[in-house]
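We count residues from 1, following the sequence as given.
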Amino acid sequence: MEQTSPLQSDSCGLCTLTDGNAGNVRQAQSLARALGGEAREVVLAPRAPWRWLAPRLLPGATHGLGPAFDQLQRQPPALAIGCGRQAALATRLLRARGSRSVQILDPRIDPSHWDLVVAPEHDGLTGPNVLTLLGSLNPVDDAWLADARTTFSTLAALPSPRTAVLLGGDSAHYRFDADAFARLAIMLDDMTADGSLLVTTSRRTPPAVIDAVRQRGAQRPHTLLWCDPSDGPNPYAGLLAWADRIVCTPESVNMLSEACGTRVPVQVFEPDRVVGRPRHFLDALLQRGRIRDLADGPATFDGQPLRETARIAAEVRSRLAI
């Protein structure tokens, strides 16, 4: 009998499940997009104790992830893509109801509870059903960048070279505070005397840093700042698409992966101050020549794009006979 593709069965097709965290949503949606399916997005609302102990299976877990998941269980999707620890419990439960399950990020328990687990190399997770990648899943490819150039076409009027600056925030692996931004600002002043500066912050950027960004941005011409919705639509995609070079803070694997998905040079601020698993990712990018330390000064080098999402999607199709 011919095997039915998971995305062509009689159930509701493709579904992404996350805790609503922007980084997790972006990874799950990026894989769904690369698989070519129209994905239903479910944001979980887990209650205690399942919120704390996911993805471990405790009595009552089937009713512990919120009303949207309760409804989904009545008609399980053909393929469930989850990202994050809480989603790992959801995809585990859906697999028991007949869904094929792909879990993104290390679930911290035996990967055999899922059909496939997608994990970054720096997590060190291995297994017969584990797919590893350098960095994180993201939507950045030539088509995505072309769409962003069209959507944010006004950025083309800014003088070149256009330097995009992607600012993150504090993490367990790196402290990015007002003092760190002051050090970064000195470097940026030295390398961006000509051209324009396009700066965006993230949800994790400390308020003191945002204040300093606004104060410095007001003092120089040809500067675009986006710190919150009061600045208008978030031009992040446009910054990646129109940048001639990109500068990143070092703590976010997701942000660095997206910057490195472009074809322009990427320089990283204080990579040597990062500790833990993200440091392994930075070291791999440095060894490949995809990034350079901002402290080395302005640099022009070939930006071979880091694009792992298409490769992972092809492997998922092959493994699950999609």
Measuring from [X]:[atom1] to [Y]:[atom2], what's the distance to the nearest 0.5 Å?
X	Y	atom1	atom2	value
L286	I291	CG	CD1	4.0 Å
L294	L184	CG	CG	6.5 Å
R149	W144	CZ	CH2	10.5 Å
T201	L225	OG1	CG	9.0 Å
F269	L167	CZ	CG	10.0 Å
H63	L93	NE2	CG	10.0 Å

Same cluster for [X] and [Y] if Ile/Leu/Val/Met/Phe/Trp/Tyr side chains link at under 4.5 Å?
X	Y	value
L116	L105	yes
Y174	V247	yes
L145	L137	no
I210	F181	no

May I ask you to decide whether [X] forms a salt bridge with [Y], counting only side-chain N to carboxylate O separations under 4.0 Å?
X	Y	answer
D272	R279	no
R183	E270	yes
D170	R204	no
E315	R311	no
D142	R263	yes

Does the side-chain contact (heavy atoms from CB on, under 4.5 Å) test come out yes or no for E41 and Q29, once each step is laid out? CA-CA 8 Å; E41 181 182 352; Q29 290 182 341; 2.8 Å; yes
Check L17, T16, L65 against V42 for a side-chain contact (heavy atoms from CB on, under 4.5 Å) and give me the one that passes. L17
Verdict with supporting geometry, V199 and L239, side-chain contact (heavy atoms from CB on, under 4.5 Å): CA-CA 8 Å; V199 184; L239 267 59; over 6 Å; no
What do the steps show when you test D283 against R288 for salt bridge (Lys or Arg N to Asp or Glu O under 4.0 Å), and what is the final call? CA-CA 9 Å; D283 288 344; R288 287 189 174 201; over 6 Å; no
Does [X] [atom1] have over 12 foreign heavy atoms under 6.0 Å away?
X	atom1	value
D110	CG	yes
Q219	CD	yes
D296	CG	yes
R214	CZ	yes

Side-chain touch [X]/[Y], heavy atoms, less than 4.5 angstrom:
X	Y	answer
D115	R95	yes
D302	Q304	no
E308	L306	yes
S136	E258	no
V213	T205	no
D189	R216	yes
R26	N254	no
L166	T249	no

For the residue pair F281 and H122, does the interplanar ring angle fall in the parallel (under 30°), tilted (30 to 60°) or perpendicular (over 60°) class? tilted
Any pair counted as salt bridge (Lys or Arg N to Asp or Glu O under 4.0 Å), so long as it reaches residues 53-67, sequence neighbours left out: none
Using only heavy-atom distances, determine whether the side chains of [X] and [Y] contain a donor-acceptor pair under 3.5 Å.
X	Y	result
T223	R220	yes
R51	Q86	no
S196	R162	no
D228	S230	yes

Derivation of the side-chain contact (heavy atoms from CB on, under 4.5 Å) call for V253 and L282: CA-CA 8 Å; V253 172; L282 286 167; over 6 Å; no
Remaining members of hydrophobic cluster (4.5 Å side-chain criterion), I109: W114, V117, L125, V130
Verdict with supporting geometry, L44 and D19, side-chain contact (heavy atoms from CB on, under 4.5 Å): CA-CA 5 Å; L44 303 168; D19 57 3; 5.7 Å; no
